[in-house]
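Step one of this worksheet: look at the structure below.
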Amino acid sequence: ERDIYGKHEKLAKMLDEVQKSDSPNREILLEYMRECELGKVIKLRAKKKMDEATRLKHLRQLTRMSALLAKPFLKLKQVDVEEFILNLDRGKYKRVMDNKPLAQGTIVTYKETLKKFLTWMNEKKSTKLDVSFIDTYREEVEIPALPREAVELLVERSEYIRDKFIIQMLFDSGARIEEFLNMRWEDLTWDESLKCYMVRIRISKTKPRTVSLQLSTKEVNTYKQQVE
């Protein structure tokens with residue numbers, strides 16, 4: 001698998017930084033990360049292994065929350081948790097990089113991370129913190145997509161065959177960048193009934209899937225001939 005974002009190295013580096021830190025939450029953070037990797041933490045109502053990207057996100061956020069709360073997690077009282085959530089909602093905490101307010105989506109992610117962690121802590125460390133009040137509702141935001149006409153214009157105006165292939169393949173398959181970069185020629189098969197290629201997306205953030213390439217078969221053939 002091609003790790004284009006360097007998640008493995010970033011996670012290893014951050015774990016090493018936590019290991020070497022003098023944080024009062026060092027041991028519990030490392031234990032929690034180990035349990036996440038083993039699949040002993042509830043994810044989507046079931047205990048599943050947590051991928052490196054998710055573990056990295058949790059570790060970053062929990063490290064930040066450790067600094068903001070300024071006390072050992074195991075010594076948190078109910079009022080500490082409630083005050084922290086109130087401060088999140090009131091916009092008290094800012095982004096480290098530019099001191100701007102946290103985006104609403106980031107606030108919800110912090111709440112999700114904290115709720116999951118405290119639920120685990122209640123189970124493993126016999127703490128009795130109420131997390132039921134933590135609202136993790138996420139408003140659905142419509143993300144505009146390029147219309148087919150705009151994509152065809154991009155393809156038409158691209159000078160190189162490779163670029164035409166990449167643009168049309170991404171649009172046609174709906175693949176994420178990392179999914180696309182992990183595709184191999186052997187993942188392509190020909191569907192005689194549809195008269196187009198099918199591609200098996202093996203490595204995915206969600207689930208592996210097979211999709212038809214009815215719009216990009218021409219570009220696939222052209223680029224395939226060029227590289228062969």
Can you name the nearest heavy-atom pair linking [X] to [Y], along with the distance?
X	Y	result
Arg138	Gly105	NH1-O, 3.5 Å
Asn122	Leu129	ND2-O, 2.8 Å
Gly174	Arg209	O-NH2, 3.9 Å
Gln19	Arg26	O-CD, 3.2 Å

State whether the side chain of [X] and the backbone N or O of [Y] hold a donor-acceptor pair below 3.5 Å, judged by distance alone.
X	Y	value
Glu179	Arg176	yes
Asp187	Met183	no
Thr119	Lys115	yes
Thr136	Val108	no

> Between Phe84 and Tyr93, does the ring centroid distance fall short of 6.0 Å?
Replying inline: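 Yes, they do, as the ring centres are separated by less than 6.0 Å.
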>> Please report whether the ring centroid of Phe117 lies less than 6.0 Å from that of Phe73.
In response: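 Centroid distance Phe73-Phe117: below 6.0 Å, so yes.
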Please tell me whether [X] and [Y] are part of a single hydrophobic cluster in this structure, the criterion being side-chain heavy atoms less than 4.5 Å apart.
X	Y	answer
Ile203	Ile166	no
Leu59	Leu68	yes
Val155	Met169	no
Ile161	Phe171	no
Leu170	Phe165	yes

> In chain order, what residues pass the salt bridge (Lys or Arg N to Asp or Glu O under 4.0 Å) check against Lys224, with sequence neighbours excluded?
Replying inline: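 For Lys224 the salt bridge (Lys or Arg N to Asp or Glu O under 4.0 Å) partners, ignoring immediate neighbours, are Glu228.
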>> Which residues pass the salt bridge (Lys or Arg N to Asp or Glu O under 4.0 Å) test with Glu52, not counting sequence neighbours?
In response: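 So Glu52 forms no salt bridge (Lys or Arg N to Asp or Glu O under 4.0 Å) with any residue.
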>> Looking only at the side chains, is there a donor atom on one of Asn25 and Ser23 sitting less than 3.5 Å from an acceptor on the other?
In response: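 No, Ser23 and Asn25 have no side-chain donor paired with an acceptor closer than 3.5 Å.
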> Looking at CG of Leu38 and CE of Met33, how far apart are the two atoms once the value is rounded to the nearest 0.5 Å?
Replying inline: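 Going from the CG atom of Leu38 to the CE atom of Met33 covers 12.0 Å.
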>> Would you compute the distance between atom CG of Leu154 and atom CG of Asp163 and round it to the nearest 0.5 angstrom?
In response: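 If I round to the nearest 0.5 Å, the distance is 10.5 Å.
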> Can you list every pair that meets salt bridge (Lys or Arg N to Asp or Glu O under 4.0 Å) and has a residue in residues 140-152, with sequence neighbours left out?
Replying inline: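 Salt bridge (Lys or Arg N to Asp or Glu O under 4.0 Å) check on residues 140-152 returns Arg148-Glu152.
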>> side-chain contact (heavy atoms from CB on, under 4.5 Å) for Glu219 and Leu215? Distances and angles first, verdict last.
In response: CA-CA 9 Å; Glu219 284 74 23; Leu215 301 177; over 6 Å; no
For [X], does the [atom1] atom sit with more than 12 other heavy atoms under 6.0 Å from it, leaving out its own atoms?
X	atom1	result
Arg200	CZ	yes
Asp98	CG	yes
Arg34	CZ	no
Phe133	CZ	yes
Lys40	NZ	no
Lys75	NZ	no
Lys218	NZ	no

Would a 4.5 Å heavy-atom cut-off, applied to side chains only, mark [X] and [Y] as touching?
X	Y	answer
Lys94	Pro101	yes
Trp120	Ile28	yes
Thr127	Leu76	no
Glu82	Gln78	yes
Leu213	Ser173	yes
Arg60	Met14	yes
Leu88	Leu102	yes
Leu194	Met198	yes

>> If you apply the rule side-chain contact (heavy atoms from CB on, under 4.5 Å), what do you find for Ile167 with Val151, and how did you get there?
In response: CA-CA 7 Å; Ile167 293 167; Val151 174; 3.9 Å; yes
Taking only Lys NZ, Arg NE, NH1 and NH2, and the carboxylate oxygens of Asp or Glu, determine whether [X] and [Y] approach each other closer than 4.0 Å.
X	Y	result
Lys111	Asp135	no
Glu186	Arg202	no
Glu178	Lys7	yes
Asp16	Lys20	yes

>> The test is side-chain contact (heavy atoms from CB on, under 4.5 Å); show your working for Asp89 and Leu86 and say whether it passes.
In response: CA-CA 5 Å; Asp89 288 333; Leu86 282 174; 5.5 Å; no
> Using 30° and 60° as the class limits, which term best fits the ring planes of Tyr197 and Trp190: parallel, tilted or perpendicular?
Replying inline: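 Because their plane-to-plane angle is over 60°, the rings of Tyr197 and Trp190 count as perpendicular.
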>> Tell me whether the rings of His58 and Tyr32 are parallel (<30°), tilted (30 to 60°) or perpendicular (>60°).
In response: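 The rings of His58 and Tyr32 lie parallel, inter-plane angle below 30°.
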> With respect to Glu35, which candidate in Lys49, Lys116, Lys124 satisfies the salt bridge (charged side-chain N to carboxylate O under 4.0 Å, His left out) definition?
Replying inline: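 Going through the options one by one, the only one that passes is Lys124.
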>> Please determine whether side-chain hydrogen bond (donor to acceptor under 3.5 Å, both in side chains) holds for the pair Thr106 and Arg95, giving the CA-CA distance in whole Å, both sets of side-chain angles, and the decisive distance to 0.1 Å.
In response: CA-CA 10 Å; Thr106 303; Arg95 299 196 311 187; over 6 Å; no
>> Does Asp172 form a side-chain hydrogen bond (donor to acceptor under 3.5 Å, both in side chains) with Ser216? I'd like the steps, not just the answer.
In response: CA-CA 6 Å; Asp172 201 6; Ser216 59; 2.9 Å; yes
>> Run Thr206 and Ser204 through side-chain hydrogen bond (donor to acceptor under 3.5 Å, both in side chains) and show every step you take.
In response: CA-CA 5 Å; Thr206 51; Ser204 172; 3.1 Å; yes
> Given Thr63 and Val18, is the side-chain contact (heavy atoms from CB on, under 4.5 Å) satisfied, shown in steps?
Replying inline: CA-CA 8 Å; Thr63 300; Val18 172; 4.2 Å; yes
